[in-house]
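Below: one structure, written as structure tokens.
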Amino acid sequence: MRPQCRAGYGERTRGGMVTRGPFKEEAGSPVEPNGPVLRTVFRNNSIHLAHEDAEGVVCDASCTDEHLTMTQNAIHAKKKSVYAPGVTAAANSYNVLDGDQYQAGDDGTGNVFEDPRFDPGDPLRLLAGSKAIGLGKVKYGEIDLNGVAIGTDGGIEAGAYEYVPAR
């Protein structure tokens, strides 16, 4: 199975995936105890967070490529799709990202900045025409979270679910 999560779907959920890097309030102060989290890998996840303060992926406080690698995700978070100012294209690729703000070291490799088109009647499943369909490059498992074979439609999807056309 793919190492992915469903994450949130709805109006009240505010946070998606959070990892932190080292942080000091000022020179001489102690390092924040919640970091660093090195080598966090975030791939093939689906996140839909509609709350006005929602943030999809947060890698705060001196986060770099050494802290976070994200690939093949489908993310809609109203306030920010991504906050990872030190993460560059080397660790940020083939994601579909939608939100009022995107803050990373650059635009990444192969990222698409538009609504992933989740089905409101079947949360986190992709609708026809989603740019997440076929965007993936690497098959990280054999089946998605619902047991559908990865690559069934001939491509690898960004997100936690393979696209299955409506019948």
Side-chain angles (χ1 to χ4, degrees), residues 1-19 39-59 65 67-84 87-167:
M1 184 179 295
R2 288 184 184 182
Q4 76 283 79
C5 69
R6 292 189 75 190
Y9 193 92
E11 296 297 319
R12 296 184 181 172
T13 308
R14 292 184 186 195
M17 196 284 295
V18 177
T19 188
R39 293 174 289 285
T40 299
V41 177
F42 189 66
R43 64 183 178 218
N44 284 108
N45 293 279
S46 295
I47 296 176
H48 183 278
L49 302 169
H51 189 280
E52 65 185 26
D53 292 328
E55 297 183 26
V57 175
V58 178
C59 189
D65 292 353
H67 296 94
L68 175 65
T69 299
M70 55 181 281
T71 189
Q72 297 180 190
N73 299 290
I75 301 170
H76 166 82
K78 179 63 177 139
K79 183 175 181 180
K80 291 181 187 174
S81 59
V82 174
Y83 179 74
V87 174
T88 68
N92 176 11
S93 60
Y94 306 105
N95 301 290
V96 178
L97 305 164
D98 183 45
D100 290 343
Q101 296 176 39
Y102 166 85
Q103 294 173 285
D106 55 37
D107 285 347
T109 300
N111 287 340
V112 175
F113 297 92
E114 65 179 59
D115 185 345
R117 298 202 50 189
F118 292 123
D119 183 347
D122 195 359
L124 303 179
R125 296 293 200 99
L126 300 170
L127 291 171
S130 170
K131 297 295 185 181
I133 299 169
L135 183 66
K137 301 296 180 195
V138 177
K139 185 175 170 182
Y140 291 107
E142 296 303 316
I143 59 173
D144 74 4
L145 289 177
N146 279 338
V148 176
I150 296 171
T152 297
D153 64 346
I156 299 168
E157 271 63 276
Y161 296 100
E162 283 295 292
Y163 173 68
V164 178
R167 295 181 182 139

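A quick note: this is a predicted structure, and the numbers were derived from the prediction, not measured. If you read the sequence from its start, that first residue is 1, and numbering goes on from there.
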Working to the nearest 0.5 Å, report the span between [atom1] of [X] and [atom2] of [Y].
{"X": "R117", "Y": "D115", "atom1": "CZ", "atom2": "CG", "value": "7.5 Å"}
{"X": "L49", "Y": "H76", "atom1": "CG", "atom2": "NE2", "value": "7.5 Å"}
{"X": "L126", "Y": "Y163", "atom1": "CG", "atom2": "OH", "value": "8.5 Å"}
{"X": "S93", "Y": "N73", "atom1": "OG", "atom2": "CG", "value": "9.0 Å"}
{"X": "D98", "Y": "I47", "atom1": "CG", "atom2": "CD1", "value": "12.5 Å"}
{"X": "Q72", "Y": "N95", "atom1": "CD", "atom2": "CG", "value": "8.5 Å"}

Side-chain contact, heavy-atom cut-off 4.5 Å: [X] with [Y]?
{"X": "C59", "Y": "Y83", "result": "no"}
{"X": "N44", "Y": "E157", "result": "no"}
{"X": "I150", "Y": "I156", "result": "yes"}
{"X": "V57", "Y": "M70", "result": "yes"}
{"X": "D153", "Y": "E162", "result": "yes"}
{"X": "Y161", "Y": "N146", "result": "yes"}
{"X": "L97", "Y": "V112", "result": "no"}
{"X": "P116", "Y": "I75", "result": "no"}

Can T88 and D106 be counted as having a side-chain donor-acceptor contact under 3.5 angstrom? no
Is it true that E142 and K139 have a side-chain N and a carboxylate O under 4.0 angstrom from each other?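 So E142 pairs with K139 through a salt bridge.
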Between D100 and K80 (salt bridge meaning N to carboxylate O under 4.0 Å), is one present in this structure?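 Salt bridge: no.
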Test side chain to side chain contact (heavy atoms under 4.5 Å, CB included) applied to T71 and F42, step by step: CA-CA 7 Å; T71 189; F42 189 66; over 6 Å; no
Measure from the side-chain N and O atoms of [X] to the backbone N and O of [Y], and report whether any donor-acceptor pair falls under 3.5 Å.
{"X": "D122", "Y": "R125", "result": "no"}
{"X": "D144", "Y": "V148", "result": "yes"}
{"X": "S130", "Y": "L127", "result": "no"}

Determine whether V138 and Y94 satisfy the following criterion, side chain to side chain contact (heavy atoms under 4.5 Å, CB included), listing intermediate values before the conclusion. CA-CA 10 Å; V138 177; Y94 306 105; over 6 Å; no
Stepwise side chain to side chain contact (heavy atoms under 4.5 Å, CB included) check, N92 with T109: CA-CA 6 Å; N92 176 11; T109 300; over 6 Å; no
CA sep, side-chain torsions, deciding dist, call: K131, E114, side chain to side chain contact (heavy atoms under 4.5 Å, CB included): CA-CA 8 Å; K131 297 295 185 181; E114 65 179 59; 3.0 Å; yes
Please name the pair of heavy atoms, one in A158 and one in A74, separated by the smallest distance, quoted to 0.1 Å.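 It is O-CB, 4.0 Å.
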